[in-house]
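The analysis underlying the following values was restricted to heavy atoms, covering all of them including side chains, and did not include hydrogens, waters or symmetry mates. Numbers for residues simply follow the sequence, beginning at 1. In each ligand, atom 1 is the first atom listed, and ligand 1 is the first ligand listed.
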Amino acid sequence: MQRETTTARAAGSRTRGSKVHSTRIEPLRRRLGERLVLPEHAAYEEARRVWNGTVDKRPAMIAFCTGPREVMEAVTFARGRELPVSVRSGGHNVAGNSVCEGGLVIDLSRMKGIDVDPERRIARARAGLNLGKFDAATRAFGLATTMGVNGDTGIAGLTLGGGIGRLGRKHGLTCDNLLSVELVSAEGRLLEASATEHPDLFWGVRGGGGNFGIVTGFEYRLHPVGPTVLGGSLLFGREQLRDALRFYRDFASRAPHELSADAALATGPGGEPVLSISVCYAGPVEEGARVLQPLREFGAPLDDGIGPVTYLDLQSRGDAVFPRGRRYYWKAQFLKDIGDAAVDALIERFAKAPSPSSSAVLQQVGGAIARVPGAESPYANRDAAWDCFPVAIWDHPAADEANMRWAREFWDAMRPFATGGVYANNLGDEGDERVRAAYGPSYARLQAVKDKYDPDNVFRLNQNVKPTAAAHRPGPEETE
Ligand SMILES: Cc1cc2nc3c(=O)[nH]c(=O)nc-3n(C[C@H](O)[C@H](O)[C@H](O)COP(=O)(O)OP(=O)(O)OC[C@H]3O[C@@H](n4cnc5c(N)ncnc54)[C@H](O)[C@@H]3O)c2cc1C
């Protein structure tokens with residue numbers, strides 16, 4: 001066989017001044033063929049893109065893996081050449097952590113298998129599956145587990161950081177329903193982690209993100225859901241924003257755990273602010289009708305779109321709001337309650353949004369999420385009641401600064417009402433202090449797991465848990 005050596009550089013490295021050291025790529029290319037995408041390939045431009053259109057990174061190469069063996073080889077390859085590694089499954093991370101400048105992107109998006117065992121109520125899914133496909137596969141058996149609210153989101157990033165969704169208040173976070181993972185370690189070994197195998201690692205992956213390895217497969221506990229649930233949205237107009245938001249707060253705070261009720265301030269078709277309250281009652285429809293009656297009888301909503309709906313349809317209702325390729329920015333924090341001053345701040349700050357596509361979201365948590373003892377997983381902030389975040393959405397790069405500034409100022413205005421905690425999966429590049437705010441008291445224990453499974457911080461392009469200095473083994477260039 002002809003021996004070929006190629007040099008891979010970050011595309012555009014001359015303009016960016018980020019020349020990547022020469023790298024012999026032959027072993028990986030032999031294994032992946034055209035699935036190893038380099039800057040000179042026609043597929044590169046598309047391959048380096050992620051969901052958020054503001055992310056414009058130029059990796060040295062992108063490895064589209066189709067199974068654990070290829071992931072193992074990619075990790076070993078990158079380590080041997082000291083290439084930075086980023087891991088991409090659904091590509092939905094808002095900060096674009098799944099792509100890197102000048103390194104290797106290990107992409108799992110082609111690993112989409114799922115196997116449902118209806119008797120044992122278990123689903124085994126490959127890491128590249130998105131949650132719309134996951135929901136569709138489990139629904140065929142009248143089963144589901146907590147997943148997020150946008151069908152295009154990857155199950156991998158979502159699960160590893162926690163996983164908030166419509167079933168969370170009844171069945172806990174996605175990571176609370178995780179039974180085991182298959183993972184490629186920083187040494188390129190394939191490990192199983194569960195309550196009985198590598199239990200420390202299993203603890204770490206239930207909220208600790210991609211810090212400990214590349215998960216290639218997930219096993220989840222499923223629950224009977226629906227198939228028809230009571231769900232949909234109520235819409236209130238400008239005159240009722242304040243009163244409806246206050247009523248929503250009181251109603252949602254006392255709601256049973258079967259109900260999840262999210263709220264969002266958005267812009268109506270005439271440019272006026274509106275409040276949308278989106279609900280899902282994960283129990284019998286008639287019971288849900290009784291529970292939701294006070295909310296539906298409040299005020300004079302512009303629209304009442306609540307009714308019996310299949311859980312699957314409800315799960316895909318918000319998909320059109322977040323298409324791939326638009327420009328997005330958000331900054332999140334948890335709230336325990338929403339006092340009247342917080343209601344006023346929400347309305348006042350939302351009114352300043354420069355883009356009519358933007359919204360201000362209150363995603364309800366609590367319920368079963370709060371009942372899980374803190375030490376059981378690294379997901380902290382279980383006592384929060386809402387995840388609160390401005391979602392800036394726009395299209396033109398010239399408007400980047402104005403939209404990001406609006407979101408940051410919104411966040412600053414809500415800060416006095418917040419717990420100080422944040423959801424790791426809604427963190428951007430906000431620094432080490434905010435990462436610690438996401439993991440809370442779990443951080444030290446996460447560091448111990450990091451020391452054991454990734455002491456050299458191979459997996460660092462994430463909400464990073466830093467290994468302790470004692471665990472780090474210096475590379476050859478550091479010992480010279
Ligand atoms: C439109 C939209 C709606 C959302 N709604 C919700 C919601 O309702 N509930 C909720 O909880 N979250 C929600 N999120 C946040 C979401 O959970 C995170 O963005 C999550 O990171 C997405 O996972 P992904 O696989 O698509 O991410 P990617 O961008 O592919 O990966 C993000 C990070 O996760 C890690 N990672 C990914 N795959 C692996 C793997 N196989 N092994 C190890 N590490 C890995 C890596 O560190 C990577 O940088 C939403 C995000 C978006 C964009």
Could you list which atoms of ligand 1 come closer than 4.0 Å to a heavy atom of [X]?
X      : answer
Leu461 : 47 (O), 49 (O)
Leu160 : 39 (C), 40 (C), 42 (N), 43 (C), 44 (N), 45 (C)
Gly210 : 43 (C), 44 (N)
Gly213 : 42 (N), 43 (C)
Asn97  : 49 (O)
Val215 : 40 (C), 41 (N), 42 (N), 43 (C)
Trp51  : 1 (C), 53 (C)
Tyr423 : 10 (C), 11 (O), 12 (N)

Distance to 0.1 Å, residue and atom name: give those for the protein heavy atom nearest to [atom].
atom                    : answer
atom 13 (C) of ligand 1 : Leu158 CD1, 4.0 Å
atom 4 (C) of ligand 1  : Thr153 OG1, 4.0 Å
atom 3 (C) of ligand 1  : Asn150 CB, 3.6 Å
atom 28 (P) of ligand 1 : Gly91 N, 3.4 Å
atom 38 (N) of ligand 1 : Ser89 OG, 2.8 Å
atom 24 (P) of ligand 1 : Gly90 N, 3.6 Å
atom 47 (O) of ligand 1 : Asn462 CB, 3.3 Å

NZ/NE/NH1/NH2 to OD/OE distance under 4.0 Å, [X] and [Y]:
X      : Y      : answer
Arg382 : Asp176 : yes
Lys450 : Asp454 : yes
Arg31  : Glu73  : yes

Applying a 4.0 Å heavy-atom criterion (strictly less than), which segment of [X] is in contact with ligand 1: side chain, backbone, both, or neither?
X      : result
Gln463 : neither
Trp330 : side chain
Ala127 : side chain
Val87  : both

Any nitrogen or oxygen of [X], side chain or backbone, less than 3.5 Å from one on ligand 1?
X      : result
Asn93  : yes
Asn425 : yes
Ile214 : no
Val149 : yes
Gly157 : yes
Ser98  : yes
Gly154 : yes

Establish, yes or no, whether the cationic atom of [X] lies under 6.0 Å from the six-membered ring centre of [Y] and within 45° of the ring axis.
X      : Y      : result
Arg206 : Phe202 : yes
Arg35  : Phe64  : no
Arg445 : Trp203 : yes

Residue pair Leu259 / Leu292, side-chain heavy-atom distance below 4.5 Å: yes
Side chain proximity check, Val71 to Met111, heavy atoms < 4.5 angstrom: yes
contact_flag Gly161 ligand 1 heavy-atom lt 4.0 Å: no
Sub-4.0 Å heavy-atom contact, Gly163 with ligand 1: yes
No-hydrogen, no-angle side-chain donor-acceptor test under 3.5 Å, [X] and [Y]:
X      : Y      : answer
Trp386 : Asp262 : no
Thr468 : Asp451 : yes
Ser442 : Tyr379 : no
Arg326 : Ser357 : yes

For atom 19 (O) of ligand 1, the option (of Arg88, Arg460, His92) bearing the nearest heavy atom: His92
Option nearest atom 7 (C) of ligand 1 (shortest heavy-atom distance, choices Val181, Ile164, Leu173): Ile164
Donor-acceptor pair, side chain of Asn93 and main chain of Gly96, under 3.5 angstrom: yes
All side-chain hydrogen bond (donor to acceptor under 3.5 Å, both in side chains) counterparts of Ser278, not counting sequence neighbours: Ser233
For Asn130, side-chain hydrogen bond (donor to acceptor under 3.5 Å, both in side chains) partners two or more places apart: none
Test of ring centre spacing under 6.0 Å for Trp51 and Tyr328: yes
Test of ring centre spacing under 6.0 Å for Tyr248 and Phe236: no
